[in-house]
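Remarks on the structure that follows.
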2 protein chains.
Amino acid sequence: MVERNDPAPDPLTVLLKATADPTRRAILTLLAQEGPARVTDIAGRFDTSLNAVSKHIKVLENAGLVTRRTDWREHLIEVRLETLGEIDRWFAGLRSIWAQRLDALDDALALERDDDDDHD
Amino acid sequence: MVERNDPAPDPLTVLLKATADPTRRAILTLLAQEGPARVTDIAGRFDTSLNAVSKHIKVLENAGLVTRRTDWREHLIEVRLETLGEIDRWFAGLRSIWAQRLDALDDALALERDDDDDHD
DNA sequence: GTTTCGTTCAACCATACGGGTGAATAACCT
DNA sequence: AGGTTATTCACCCGTATGGTTGAACGAAAC
């Protein structure tokens, strides 16, 4: 009874995991530099097998970082950098939470200082 | 000939892998919200074991996302959001590469148009 | 001096991941 | 028809990862 029905990894995790691999990042860079390319052409630029690259591209596709335009057997892979915005947004949220806390701390300190000034 | 002498994982990969786990992101959020905390306190907020949280924190520490101030047995863990800037910078680089390519494309098209105008 | 506390270390387990090889698919080109 | 081309699919393999439990450490408190 394994009961692990977790086929719902949040998109942010999928995205970050996709970018966490050096080869995949290199693929993204290549696509950004040279525009849409076929799977085989991409694979030709790396020392890994075509098969491995195909799998990497599927991961990137699943994360929304690339799209595929299939002109029959030629699959044109295109980068979609907008997707990275999701990560940016998470960072921004985290930083805002952090800033809020610091502001609250500042307020608390200011209040203490006022108190001090008051009855000193 | 696997030639695996040294993993030498680049810092960006370490960083992205560290943020790619939901529990670790939750830990970062918690620290941003409530400030530095002890390992045990952090673990108390999750349904995983203290041990697992300890390991997560080590991963975050190794990535430079948190620092540890050990006051003997109490390890105060503090978030360091500046480290995320490294990821931001990689994104920016990628986007700039992308933009450059589009500019080059634009130029090429403009040149073609000029050519057309010229000898028409 | 024994207990308590906060944390890590050491095994161990199951699953995920990255990579490799070989077969399958499906249209185009002789 | 037979071969080439572009890509995925189906396995197999080694290692990494996240989790668990239990022991160890070392000072502080009793």
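So you know, we letter chains A, B, ... as the sequences are listed, proteins then strands, and number each from 1.
In this structure, Phe46(A) places its CZ atom 13 Å from P of dG20(C), rounding to the nearest Å. The distance from atom CD1 of Ile77(A) to atom C1' of dT7(D) is 10 Å, rounded to the nearest whole Å. Atom pair Lys17(B):NZ and dC17(C):P shows a separation of 11 Å (rounding to whole Å applied). In this structure, the CZ atom of Arg38(A) is 9 Å from the C1' atom of dT5(D), given to the nearest Å. Here dA16(D) presents its C1' atom at 17 Å from CG of Leu16(B), a figure rounded to the nearest Å. Between the CG atom of Asn62(B) and the P atom of dG18(D) there is a distance of 12 Å, rounded to whole Å. Between the CD atom of Glu61(A) and the C1' atom of dT7(D) there is a distance of 12 Å, given to the nearest Å. Counting to the nearest Å, the C1' atom of dT7(C) and the CD1 atom of Ile57(B) are 10 Å from each other.
Judged by distance alone, with hydrogens and angles left aside, Asn51(B) brings a side-chain donor or acceptor within reach of the base of dG22(D), the pair sitting under 3.5 Å.
Heavy atoms of Lys55(A) sit under 4.0 angstrom from at least one base atom.
In this structure, Thr67(A) and Arg80(A) approach most closely via the heavy-atom pair CG2-CD, 2.7 Å.
Residue Asp21(A) places its side chain closer to dG18(C) than to any other of dG18(C), dG20(C), dG18(D). Of the candidate nucleotides dT8(D), dT21(C), dA28(D), dA28(D) has the atom lying nearest to any side-chain atom of Trp72(B). With dT7(D), dG18(D), dG19(C) as the choices, the nucleotide that has an atom nearest any side-chain atom of Leu50(A) turns out to be dT7(D). With distances taken from any side-chain atom of Ala52(B) to the nucleotides dT20(D), dT8(D), dG20(C), the minimum falls on dT20(D). Here the nucleotide nearest the side chain of Val39(B), chosen from dT7(C), dT8(D), dG19(C), is dT7(C).
Crowding of Arg95(A) atom CZ: a count of heavy atoms from other residues, nucleotides or ligands under 6.0 Å exceeding 12. Within 6.0 Å of atom CZ in Arg68(A), more than 12 heavy atoms from other residues, nucleotides or ligands are found, so the atom counts as buried in its surroundings.
For the residue pair Asn51(B)/Ser54(B), the side-chain donor-acceptor check at 3.5 Å is not satisfied.
Two residues are said to be in side-chain contact when any heavy atoms from C-beta on lie closer than 4.5 Å; Lys17(B) and Leu16(A) fail this criterion.
Phosphate proximity of dG19(D) to His56(B): present, with a side-chain N or O under 4.0 Å from OP1 or OP2. Within the 4.0 Å cut-off from OP1 or OP2 of dT8(D), at least one side-chain nitrogen or oxygen of Ser54(A) is found. Taking side-chain N and O atoms only, Ser49(A) has a distance below 4.0 Å to OP1 or OP2 of dG20(C).
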